[in-house]
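This one's a predicted model, so the numbers in the text were calculated from it and none came from an experiment.
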Amino acid sequence: MTAEVSYGRLDDDYPAYTMGRAADMLNTTQGFLRAIGEARLITPLRSPGGHRRYSRYQLRIAARARELVDAGTPIEAACRIVILEDQLEEARRINTEHRRTD
């Protein structure tokens, strides 16, 4: 099951999920979320108490990285792939918008 299928289009930017809840939702560990943070794939916001908080958009990104890691891709490479996929999606969206306005 892919991230898009299991989580839909999670594009909300509000940091609503604690690290524990995010890990549970993604069926992964808090260590994995820390690792992709250290790899700079996602940067969770911090609550006033210093706890990491994740948005739905970040969960979608993390889920895709988890899929790649589960398939045997090293975490650093998985993070780079996800970044490039995200950039490609944004470029395609911009191109589509430009075509509509022409």
Side-chain angles (χ1 to χ4, degrees):
M1 184 177 288
T2 68
E4 286 295 323
V5 172
S6 60
Y7 299 102
R9 177 95 176 119
L10 300 178
D11 56 3
D12 182 10
D13 290 325
Y14 183 75
Y17 303 96
T18 64
M19 176 179 273
R21 179 68 179 128
D24 287 345
M25 290 173 68
L26 299 174
N27 197 29
T28 191
T29 65
Q30 293 181 19
F32 176 77
L33 293 173
R34 281 188 210 96
I36 63 175
E38 290 171 10
R40 302 196 193 290
L41 177 61
I42 57 176
T43 303
L45 292 176
R46 297 284 181 147
S47 71
H51 300 281
R52 290 174 180 90
R53 304 286 292 193
Y54 296 89
S55 69
R56 294 174 73 187
Y57 172 76
Q58 290 173 323
L59 295 183
R60 182 180 66 80
I61 296 295
R64 177 64 181 134
R66 183 79 246 175
E67 288 175 354
L68 292 168
V69 170
D70 287 347
T73 305
I75 195 162
E76 297 82 11
C79 290
R80 184 68 182 139
I81 289 167
V82 172
I83 289 167
L84 291 170
E85 288 175 343
D86 198 49
Q87 289 172 344
L88 178 59
E89 182 180 329
E90 178 65 9
R92 286 179 173 160
R93 186 192 62 74
I94 291 168
N95 284 339
T96 300
E97 285 179 16
H98 284 291
R99 286 187 189 121
R100 286 185 196 150
T101 60
D102 289 341

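Between Y17 atom OH and L26 atom CG the span is 10.5 Å, to the nearest 0.5 Å. The CD atom of Q58 sits 10.5 Å away from atom CG of D12, with the distance rounded to the nearest 0.5 Å. The CG atom of L88 sits 9.5 Å away from the CG atom of N95 when rounded to the nearest 0.5 Å. Atom CE of residue M19 and atom CZ of residue R21 lie 15.0 Å apart, to the nearest 0.5 angstrom.
Heavy atoms only, all atoms of each residue included: L59 and Y54 are closest at CD2-CB, 4.1 Å. Counting all heavy atoms, side chain and backbone alike, A23 lies closest to L33 at N-CD1, 3.7 Å. Across all non-hydrogen atoms, the minimal contact from A65 to A78 is O-CB, 4.1 Å.
Annotation: side chain of V69 is in contact with side chain of F32 (closest heavy-atom distance under 4.5 Å). Side-chain contact between R56 and Y14 is absent, with no heavy atoms from C-beta onward closer than 4.5 Å. Side-chain contact between R66 and T28 is present, with at least one heavy-atom pair separated by less than 4.5 Å.
For the side chain to side chain contact (heavy atoms under 4.5 Å, CB included) criterion with I36, the lone passing option out of T43, I42, V82, I61 is I42.
Between the side chain of T73 and the main chain of A77, no donor-acceptor pair closer than 3.5 Å is present.
Using a cutoff of 4.0 Å between basic side-chain nitrogens and carboxylate oxygens, R100 and E97 are not scored as salt-bridged.
Among pairs with a residue in residues 71-86, those fulfilling salt bridge (charged side-chain N to carboxylate O under 4.0 Å, His left out) read R60-D86, R64-E85, at least two apart in sequence or across chains. For residues 41-55, there are no salt bridge (charged side-chain N to carboxylate O under 4.0 Å, His left out) pairs, not counting sequence neighbours.
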Salt bridge (charged side-chain N to carboxylate O under 4.0 Å, His left out) for E89 and R92? Distances and angles first, verdict last. CA-CA 5 Å; E89 182 180 329; R92 286 179 173 160; over 6 Å; no
